[in-house]
Amino acid sequence: MTTAINVEGIDKTYGTHKALRHIEFTINKGEIVTLIGPSGSGKSTLLRHLIGLTKADRQSTGKIEVLGHVLQRQGHLVAQGRDYRRRSGYIFQQFNLVGRLSVMTNVLIGHLGAMPRWRSLAGRFTKKEQKLALKAMERVGIESLANQRANTLSGGQMQRVAIARALVQDAEVIFADEPIASLDPRSAREVMEILQRINHEDGRTVVITLHQVDVARCYCRRAIALKEGGLYYDGPIEGLTDILLQGLYENSGLDEINSSSFSQSRSTTAHTTN
Ligand code: ADP
Ligand code: MG
């Protein structure tokens with residue numbers, strides 16, 4: 001098996017608050033993994049480290065490698081080429097689309113890293129690129145929205161645009177931070193199913209932060225659980241037993257364990273998990 005992500009000894013301190021405490025794990029290519037834990041446990045902070053948006057403590061000995069390249073070491077980002085960055089795709093809770101541009105253009109933005117700079121600045125795309133974008137939109141079921149402005153879409157549609165963008169980019173690793181937090185239960189299910197499908201069918205590595213265990217159980221095989229910035233559990237999702245979950249969520253709102261609206265809406269549809 002080939003390693004997609006390798007994290008060694010990552011610490012992160014904000015003021016006096018330890019947001020991450022010596023985090024270590026390895027994720028292989030083709031895995032679908034959830035980073036789980038109560039609100040404030042450090043999930044987003046960890047994901048931002050994996051993307052290179054946040055640097056670990058300088059005095060730490062930590063290192064993060066993604067797709068065989070060192071991304072950061074001892075709190076310093078290591079310079080990366082455009083080509084390497086293009087191999088990771090990001091999906092955020094707040095969609096990150098350009099609202100006044102069409103769905104098609106937003107999807108094609110995923111291709112910018114691969115285009116000559118003058119052409120990307122001019123916003124021109126070839127027929128071949130447009131075909132690629134249409135194919136990605138078809139895969140996530142938004143091809144009929146190609147010419148609509150992004151700011152007229154529903155949250156679920158916007159999130160599918162973000163996924164289509166990662167597909168056009170041909171990202172080998174896809175990072176998603178709470179991708180369903182702003183969505184209604186049905187859209188949440190659809191977005192999770194799409195993420196699961198692109199993992200399954202394309203073998204893309206997918207890392208998703210979630211705070212709802214029931215959602216994680218349905219779509220992710222492995223869980224990395226954080227509690228107060230420390231690694232609390234790393235293993236198969238079914239190994240997160242009720243007792244472990246109680247320990248994970250003690251002192252936090254227990255309603256986070258299950259998002260009941262999601263569970264209820266799921267139970268009305270037949271669904272198989274992997
Ligand atoms: P989660 O995503 O699990 O809800 P976060 O990673 O957002 O948790 O936050 C973990 C902890 O780090 C929280 O206590 C949060 O307040 C703190 N934190 C996160 N980002 C910053 C920041 N930029 N400055 C100060 N504290 C931060
Ligand atoms: Mg978060």
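Below, each value reflects all heavy atoms present in this structure, side chains not excepted, and no hydrogens, waters or symmetry copies. Numbering of ligands and ligand atoms starts at 1, following listing order. Heads up: numbering here begins at 1 and tracks the sequence.
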Are any of the heavy atoms in Gly37 under 4.0 Å away from ligand 1? no

Under a 3.5 Å distance rule, please check whether Lys227 uses its side chain to pair with a backbone N or O of Gly247 as donor and acceptor. yes

May I ask you to identify the nearest protein heavy atom to [atom], giving residue, atom name and distance to one decimal place in Å?
| atom | result |
| --- | --- |
| atom 5 (P) of ligand 1 | Thr45 OG1, 3.6 Å |
| atom 12 (O) of ligand 1 | Ala19 CB, 3.6 Å |
| atom 7 (O) of ligand 1 | Ser44 CB, 3.8 Å |
| atom 23 (N) of ligand 1 | Tyr14 CE2, 3.6 Å |
| atom 14 (O) of ligand 1 | His17 NE2, 3.1 Å |

Thr3 and Asn6: side chain to side chain donor-acceptor pair (under 3.5 Å), yes or no, with the steps? CA-CA 7 Å; Thr3 301; Asn6 182 39; over 6 Å; no

Is the shortest heavy-atom distance from the side chain of Leu50 to the side chain of Ile64 under 4.5 Å? yes

Contact between Arg100 and Arg149 at the side-chain level, heavy atoms closer than 4.5 Å - yes or no? yes

Any salt bridge between Arg139 and Asp202, counting N to O under 4.0 Å? yes

N/O to N/O below 3.5 Å, does that happen between Gly40 and ligand 1? yes

Using a distance threshold of 4.0 Å (strictly less than), state whether atom 16 (O) of ligand 1 has a protein heavy-atom neighbour. no

N/O/S atom of Ser44 inside 2.8 Å of the Mg ion (ligand 2), strictly under: yes

